[in-house]
Number of protein chains: 2
Amino acid sequence: MVELHTARDPRFPPLGVAVDVVVFTVQEGRLLVLLTRRPDTPPFAQHWSLPGGFVAPNESTDEAAARELGAKAGVQDVFLEQLYTFSAPDRDPRSRVVSVAYYALVSPDRLGDQPGARPAHWMQVGTHADGELHVDLPLEPAMPQGLAFDHALILRTAVDRIRGKLEYVPIGFQLLEPQFTLTELQKVYEAVLGQEIDKRNFRSRLLKSGLIRQLDAVRKGPHRPAKLFEFTSRTF
Amino acid sequence: MVELHTARDPRFPPLGVAVDVVVFTVQEGRLLVLLTRRPDTPPFAQHWSLPGGFVAPNESTDEAAARELGAKAGVQDVFLEQLYTFSAPDRDPRSRVVSVAYYALVSPDRLGDQPGARPAHWMQVGTHADGELHVDLPLEPAMPQGLAFDHALILRTAVDRIRGKLEYVPIGFQLLEPQFTLTELQKVYEAVLGQEIDKRNFRSRLLKSGLIRQLDAVRKGPHRPAKLFEFTSRTF
DNA sequence: ACAAAAGTGTTCGCACTACACCCATGC
DNA sequence: GCATGGGTGTAGTGCGAACACTTTTGT
């Protein structure tokens, strides 16, 4: 802890502390992550990067992450949890910056306009057959490849986390509107996990779990209407 | 991230960054945690606290935690993982300090002398019937009660983590010598989980898992000798 | 009537739980 | 021979995995 110095010990100067937020959503069966464009100046000029920013003196990293989420994605009161802290001394080539990474889950209906000053876009996170991830960065001419800083590592860590967590914590509903059909819920699971799920097993498991409750309404579509469900509790 | 300023933006000054390490060991069926004594000066004068210290400019938090572990507990090359980052603005009343907490698992045979300048002691972590934790702090006269800073929260987070992790990752062997008996392993599990385990179920589960291999040696004692085992891999 | 998505049950194997007695050794 | 910890098996139950066809609606 803090014993080695009282005010400032020159061997241990304060460091830059930032938050980076991996914002996920699922649309049309695809897992999407929000990326922003780096400025035209080095380092990583014009690369894509995770939204993030420095922590202010009077706020926790949780608050800084929530603030970033509002500023860059235009959303509030969404699922947001700490992921991991990345601290390699050279992760930012300009100066020492420790990044406390967060991940957020946002349902498409809560996505507002993106008020960010620089462009922010939703990119699909795909899974190769060998388990490797790839982000579908647009291949504009002369577009730099790869994510800025160590953001590819942060993204991979975040995807691993939500996949592991999805299997034993009901976080899937964070990516859906309050009312949903079982097929919609299954599509979310499949998008996050990157693999298909058996429909009958999925449905019986969810119904037995007591996590969801059937409503008296249906979603009409071009075919047979689907029963609507809601989660029994929005907190857990 | 770094985009908001290049060198230094006065709204986002650098912050103190420290590591705190929750070092666990198991001895005689008791889960122990290493605590150090705060100095005689505020804040938290003479309170017990987790070992920790500031992060140097040229090291990662992983390296800082390993360095702390060597300095305060006298051990190297032990299991050490990042736990969580604690960042409440007022968690250190003197100045803003963000703490990246780690937890370590050390087997008793690897514990060396404690080279720390101030006293460090192993305190038992017990579990009440209602699930609450308690640390058996020595009740010296005029001894301040409770851990310094937010260290009670960090400890509780660490205990929850190793309990959850023990059930699906083989971390138990980190707390044992390379060769061990099944009873010794079971005692470790019971100490960490804070509850008793059925002997037959425990043994059949471990043997079926393939994680351990029986050796041709036995541990002699005052009674029937016990077969010795080792873990099939020391990495996972 | 046809296309498309919704909805539904059974079997099988495995893992977890509960539970009680004999065995090998030192003293 | 006795005290002490080491070592073993079975029955019951619940959960996840595999697997294919019928139903309902819109067009």
Side-chain angles (χ1 to χ4, degrees), chain A residues 26-30 163-173 176-177 179-230, chain B residues 26-30 163-170 172-173 176-177 179-230 232:
Chain A
V26 172
Q27 250 173 337
E28 296 162 18
R30 288 144 50 223
R163 284 181 177 171
K165 202 148 180 165
L166 188 64
E167 295 181 354
Y168 69 100
V169 184
I171 58 175
F173 79 92
L176 286 172
E177 303 181 28
Q179 301 190 351
F180 52 87
T181 70
L182 287 181
T183 299
E184 289 166 355
L185 183 59
Q186 181 175 348
K187 294 281 183 218
V188 166
Y189 273 68
E190 290 177 340
V192 171
L193 297 176
Q195 61 184 22
E196 297 190 348
I197 305 173
D198 180 85
K199 181 163 60 164
R200 283 164 293 188
N201 294 338
F202 179 79
R203 294 164 98 92
S204 71
R205 183 159 48 90
L206 260 292
L207 291 170
K208 261 188 298 189
S209 72
L211 293 169
I212 58 175
R213 175 178 29 231
Q214 186 184 331
L215 302 172
D216 282 334
V218 294
R219 173 149 300 163
K220 295 248 181 184
H223 302 295
R224 174 174 176 173
K227 294 172 187 162
L228 281 172
F229 291 81
E230 65 178 8
Chain B
V26 172
Q27 248 172 339
E28 297 162 18
R30 288 145 48 223
R163 284 181 177 171
K165 202 149 177 163
L166 189 64
E167 296 182 352
Y168 69 102
V169 184
F173 79 93
L176 286 172
E177 303 181 27
Q179 301 190 352
F180 53 87
T181 70
L182 287 182
T183 298
E184 289 165 355
L185 183 59
Q186 182 175 347
K187 294 280 184 216
V188 166
Y189 273 68
E190 290 177 340
V192 171
L193 297 176
Q195 60 184 23
E196 297 191 346
I197 304 174
D198 181 85
K199 181 162 62 163
R200 284 162 294 187
N201 294 338
F202 178 79
R203 294 162 99 93
S204 71
R205 181 159 49 91
L206 260 291
L207 291 169
K208 261 188 298 189
S209 73
L211 292 169
I212 59 175
R213 175 176 30 230
Q214 188 184 331
L215 302 171
D216 283 335
V218 294
R219 171 149 302 162
K220 295 249 182 185
H223 303 294
R224 176 174 174 174
K227 294 173 187 162
L228 281 171
F229 292 80
E230 65 180 8
T232 49

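Proteins come first, then strands; the chains are lettered A, B, ... in the order of their sequence lines, and each starts at number 1.
Between the C1' atom of C:dC19 and the CZ atom of B:Arg200 lies a distance of 5 Å, rounded to the nearest Å. Between the P atom of D:dC15 and the CZ atom of A:Phe202 lies a distance of 17 Å, rounded to the nearest Å. Computed from coordinates, the B:Asp198 CG to D:dT10 C1' distance equals 13 Å when rounded to whole Å. To the nearest angstrom, C1' of C:dT8 lies 15 Å from CG of A:Leu206. Rounded to whole angstrom, the span from the NZ atom of B:Lys208 across to the C1' atom of D:dT10 amounts to 12 Å. We find that CD of B:Glu167 is positioned 17 Å from P of C:dA15, with the value rounded to whole Å.
Within residues 189-197 of chain B, no residue approaches DNA chain C, by heavy-atom distance under 4.0 Å. Near-neighbour residues of DNA chain D inside residues 210-221 of chain A, defined by a heavy atom below 4.0 Å, number-ordered: A:Gly221.
Between A:Lys227 and A:Leu215, the closest side-chain pair of non-hydrogen atoms is not below 4.5 Å. No side-chain heavy atom of A:Leu207 sits less than 4.5 Å from a side-chain heavy atom of A:Gln214. Side-chain contact between B:Leu206 and B:Gln186 is absent, with no heavy atoms from C-beta onward closer than 4.5 Å.
One distance of note links CZ of B:Arg219 with OG1 of B:Thr181; it measures 6.0 Å at 0.5 Å rounding. Of the inter-residue distances, the one linking B:Lys187 atom NZ with B:Gln27 atom CD reads 15.0 Å to the nearest 0.5 angstrom. With values rounded to the nearest 0.5 angstrom, A:Glu190 atom CD is found 5.0 Å from A:Ile197 atom CD1. Within the model, atoms CD1 of B:Ile212 and CZ of B:Phe180 stand 5.5 Å from one another, a figure rounded to the nearest 0.5 Å. The CD atom of A:Glu230 sits 6.5 Å away from atom CD of A:Gln179, with the distance rounded to the nearest 0.5 Å.
Comparing A:Asn201 and A:His223 by the nucleotide of DNA chain D whose heavy atom lies nearest to each, the residue mapping closer to the 5' end is A:Asn201. For the pair B:Arg205 and A:Ala226, nearest-nucleotide mapping onto DNA chain C gives the more 5' position to A:Ala226.
Note on A:Lys227: a side-chain N or O is less than 4.0 Å away from OP1 or OP2 of C:dT8. Contact check, B:Thr183 against D:dG5: no side-chain N or O comes under 4.0 Å of OP1 or OP2. Distances shown here put every side-chain N or O of B:Lys199 at or beyond 4.0 Å from the OP1 or OP2 atom of C:dA18.
Among the nucleotides C:dC16, C:dG9, C:dA6, the one closest to the side chain of A:Arg203 is C:dA6.
With hydrogens and angles ignored, no donor-acceptor pair under 3.5 angstrom links the side chain of A:Arg224 to the base of C:dA5.
Screening B:Asp198, B:Thr183, B:Leu185 for a side-chain contact (heavy atoms from CB on, under 4.5 Å) with B:Arg203, the sole residue that qualifies is B:Thr183.
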